[in-house]
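Notes follow the structure.
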Amino acid sequence: MDYQFKAIEQKWQRYWAENKTFKVEPNAALPKYYVLDMFPYPSGAGLHVGHPLGYIASDIFARYKRLKGFNVLHPMGYDSFGLPAEQYAIQTGQHPAVTTEANIATYRRQLDQIGFSFDWSKEVRTSDPNYYKWTQWIFMKLFNSWYNKETDSAESIQTLIDKLNNTGTAGIQAASDEDTRTLLPSDWAILSEEERQKELLKYRLTYLRESTVNWCPALGTVLANDEVKDGFSERGGHPVEQKKMMQWSMRIAAYADRLLQGLNTIDWPEPVKEMQRNWIGKSVGASVRFPVENGVRQIEVFTTRVDTIFGVSYLVLAPEHEWVEELTTADQKEEVERYIAQTKKKSELDRMADTKTVSGAFTGTYVINPVNGDRIQLWIADYVLAGYGTGAVMGVPSGDQRDWLFATYFGLPVTQILDSQKELEQQADPTKEGRYVNSGFINGMTYQEAVSYLNTWLEERGIGKAKVNFRMRDAIFGRQRYWGEPIPVYFREGLPYLIGEEELPLLLPEIDKYLPTESGEPPLGRAMGWNYGEKYAYELSTMPGWAGSSWYWYRYMDSENSAAFASEEAIAYWKDVDLYIGGAEHATGHLLYSRFWNKFLKDLGYVPEEEPFKKLINQGMIQGRSNFVYRVIDEEGRGTQTFVSAGLKDQYKTASLHVDVNIVENDVLHLDKFRQFRPEFETAEFILENGRYVCGVEVEKMSKSKFNVVNPDVLIDQYGADTLRMYEMFLGPLEQSKPWNTNGIEGVFKFLRKFWRLFHNEAWEFFVSDAAPSKAELKAVHKLIKKVQEDIERFSFNTSVSSFMIAVNELTELKCKSREVLQNLVVVLSPYAPHICEELWSLLGNEGLSNATYPEFNPEYLVENEFAYPISINGKMKMNLSMALDLDEKSVQEYVLANHQVQGYLEGKPVKKVIYVKGKIVNIVI
RNA sequence: GCUCAGAUGGUGGAACUGGUAGACACGCAGGACUUAAAAUCCUGUGCCCUUUAAAGGCGUGCGGGUUCGAUUCCCGCUCUGAGUACCA
């Protein structure tokens, strides 16, 4: 029979499902390997051709590892809480659970027909109560924990209470809010229960506090910083404003240092690590307090260059700083107020575009430099950010370009502080070389000496100390939305309390409408009886999108467990993810939060590894490739019914129109299909080139409105899943972004037909021979075994597709019918094209490819006795020599010399050097 | 501005630690088979000069350098893409 891909693919997909071929359990006898994909949000649009790219790569790897004898966990699930289903619910009244269920069914159907080797018995859905029960449970653990900096670990809140009872706050080193009270055990003892809870909240790893949030009125919700782009929401592009609200937060900043250190231990793409490093933004420096002249206030600044403190010529506060009003003198009041008003008017975009203009206002107040008693001016300026450090900065014009610009503009002094600083009239010189001058007691010191001396000096006097600052803020954890995990908390006297662990899951209640209430409360405010017992109201906000995805890889290990998020045995066996494949867009969101939760769970002893994902691969984005037709425009500028081919369009006045890529083949328009594309094109006429209508091409985002969405269903129907899988790999390097282009798919399809024909005779009957294979046949297949193995190990799937094509071409040429050779070929190809390989494997008389082992590469078959290759002399002259492979350097030299009938001379000159590459002589220098 | 990644035929891309650049595939041109089409197969295909061939010259964004030898390493530049945004 000819290659009947539809029948073959359906047959084996059913077989895998019925036999639960890919179901795995912990097995101490086998080494484990965990291959994970970033699970999808099931959107209404279904899968397009870009989605499966990473899944195909991970599936190839998972299947390969199975052939190599590993016990492979390769699961799939859905990140099924999210905004789109809720938006849809608002518009249609359809319950998000219903929409989500339908979308999941579509995803599942589409995933199934690609032939993935997922263990579906372990499927998870974040919106399933049996799943989010454990998300809520982790939330409770976080609430009941604090971060002890002494042990560098999260601990039960009880250990903190014990400390407060015994020693008070003395000696407690905790990650906490800034406004914690200093308490003696006797103080703590007399606090009311309410006061105690209020104080403990400042230490808990998930806590409630008033914070400025990104509020999006159009979406009726709070957004995380990474969901806001240039003052607009990432989803939908609605304006976002700053608003103060009581918000749940996660004390991720407590883990900043460990999150940073951990990056050195994992095999991730450097750009992703770099993004996380920047996001965490560690800077080492010192904090120093500058007392206000004739006042009580002391302004604390953070600096990474405490050594420049003698060069401070002014201090700046952010315009939003809470002391600005208080510290402005009467005669400067007007100017300061004008400046603040002006700053407020500037949108964030303006402020960004405007980084070169210097602006600011003098408050009229002076502060004292604590190291030398100098009297320096206090200014406000919008280049200082309220949200970073202390919102106050010391200005050192000689060492910092921005400070230099500020000082020169406003006529403030520029003091040289290092003898090596040059050209201070032109610009700042941030050097650390040389010795200090004009710097009081550090004069003559080097940078290293000055920093440590100053840190000690400041600390002894209680003026300042060495300090590490992080850019990373605690993560906001609440959303004013419906379709998310309810927060398992109720309120008593305005303070949050956890519900009982045995009361989990706290189910999402039914509501009539999915909008905020009239009084501006979140949608859960509409739920009838949303109370804990009689008296207490539940929390109304729900968890953010990243909650459910921050621990899901553990649930896959044991997805049906109702007593724990996964059993201890399962976690001890599967441990962590060996290979994680997904998009780079999650670099500072999901991948950071997941690492945070993982570290927390490790601190509490629930999981064994500090880092959850050992190796990460980012698959590139698949962009759209749009096709255009060119409509001729008449003199009045109206479109005619004439369309001109792309190569001739410059001879006419034309307007370009998107045309559906599905009616274009190799950029040639299918004319009849175009006439049916839309009623208005029914009578279309064409100006052709070489008898064809060629369409224009542009790379854009894949979207319906651009008619460039390619649906995998269509391709699978036309060519089959095996062709789609191989073609997606053939398209280019996995990590590279590239436009989707169906143009080359025929080549892969042809290859699979050729491959099929290898196992058949002229009459399409299955036929292989048991005769011993020839040397050439063995060479072809062993070359392939080696190459594909190397390719897979370095995630270069595109090059191995080429190797398959070469091998099949060679074996076709050799008319290879050897069972041994063909059997090896099937196994090696099977991770890429599993359906056709299963079919041939069974035709070869074997059962179940999943029981096969990857063939052992035998280097003997690649050895040749004689071969020819070019040799250059001084990189120029070339000749072909045929010689034995295993000659050593000396014998080669002798051989070369002998054949040129010179002793130690070549071309009449003495031989200086013979250059070898991989045992081959490639060049002779004379 | 800063950080990172990249630039190779008409196209996607290969060349893994410097060693015959352009594998493999698409497209295109020509041919075989066929009433025809599909399918399949064969040949050619980096550019230039040349009727053709032989032979030659030029070729991995641009300009230099190291080397017997550079797509690969170094310096400077141009362009493209991604991330980031006054972080003190």
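To find a chain, count down the sequence lines: A is the first, B the second, and so on, and within it residues start at 1. Hydrogens, waters and symmetry mates play no part in the numbers below; they use all other heavy atoms, side chains included. Predicted model only: the values in this text are computed from it and were never measured.
Nearest to the side chain of A:E274, among B:U3, B:A88, B:G13, sits B:U3. Looking at the side chain of A:P733, the nearest of the listed nucleotides B:C86, B:G13, B:U3 is B:G13.
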Practice problem: Go through the steps for A:F755 and A:Y3 under the test ring pair (Phe, Tyr, Trp, His ring centres under 6.0 Å), then give the verdict. | Solution: CA-CA 9 Å; A:F755 173 64; A:Y3 173 38; 8.8 Å; no
Exercise. Check the pair A:Y314 / A:F410 against ring pair (Phe, Tyr, Trp, His ring centres under 6.0 Å), numbers first and verdict last.
Key: CA-CA 11 Å; A:Y314 62 97; A:F410 288 113; 8.6 Å; no
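In this structure, the separation between CD1 on A:I376 and CZ on A:F290 is 5.0 Å, given to the nearest 0.5 Å.
With sequence neighbours left out, A:R753 forms a side-chain hydrogen bond (donor to acceptor under 3.5 Å, both in side chains) with no residue at all. With sequence neighbours left out, the side-chain contact (heavy atoms from CB on, under 4.5 Å) criterion links A:D267 to A:K615. Residues passing the side-chain contact (heavy atoms from CB on, under 4.5 Å) test with A:A833, sequence neighbours excluded: A:D722, A:M726, A:L752, A:L829, A:I836. Not counting sequence neighbours, A:F751 has no partner by the ring-ring contact (aromatic ring centres under 6.0 Å, His included) test.
For A:Y388, a side-chain nitrogen or oxygen approaches OP1 or OP2 of B:A88 to under 4.0 Å. The side chain of A:Q736 places no N or O atom within less than 4.0 Å of a non-bridging phosphate oxygen (OP1 or OP2) of B:G12. The side chain of A:R753 contributes an N or O atom lying less than 4.0 Å from OP1 or OP2 of B:U40. Within the structure, every side-chain polar atom (N or O) of A:R757 is placed at least 4.0 Å from both OP1 and OP2 of B:U40.
Nearest-nucleotide positions on RNA chain B place A:P271 closer to the 5' end than the other of A:P271 and A:M275.
Using atom P as the reference point in both B:G10 and B:C48, the two lie 9 Å apart (nearest Å). A gap of 30 Å separates the P atoms of B:G12 and B:U50, to the nearest Å. Distance check on atom C1': B:C28 versus B:G9 gives 13 Å, rounded to whole Å.
Nucleic acid contact class of A:P739 (heavy atoms, under 4.0 Å, all strands): none.
Ion pairing between A:E274 and A:R277 holds under the 4.0 Å rule for side-chain N and carboxylate O.
Applying the 90° criterion around 0 to the glycosidic angle, B:G18 comes out anti.
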Practice problem: List the protein contact pattern of nucleotides 23-33 of chain B with one symbol per nucleotide (5' to 3'): B for base contact, S for sugar-phosphate-only contact, - for none; contact means a heavy-atom distance under 4.0 Å. | Solution: BBSSSS-----
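A:I56 is not listed as a side-chain neighbour of A:F797, based on a closest heavy-atom distance of 4.5 Å or more.
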Practice problem: For RNA chain B, produce a single dot-bracket line, 5' to 3'. Pairs: Watson-Crick or G-U wobble, both distances under 3.5 Å. Symbols: ( ) within strand, [ ] crossing, | other strand, . unpaired. | Solution: (((((((..(((......[....)))((((((.......))))))(((.......)))..(((((..]....))))))))))))....
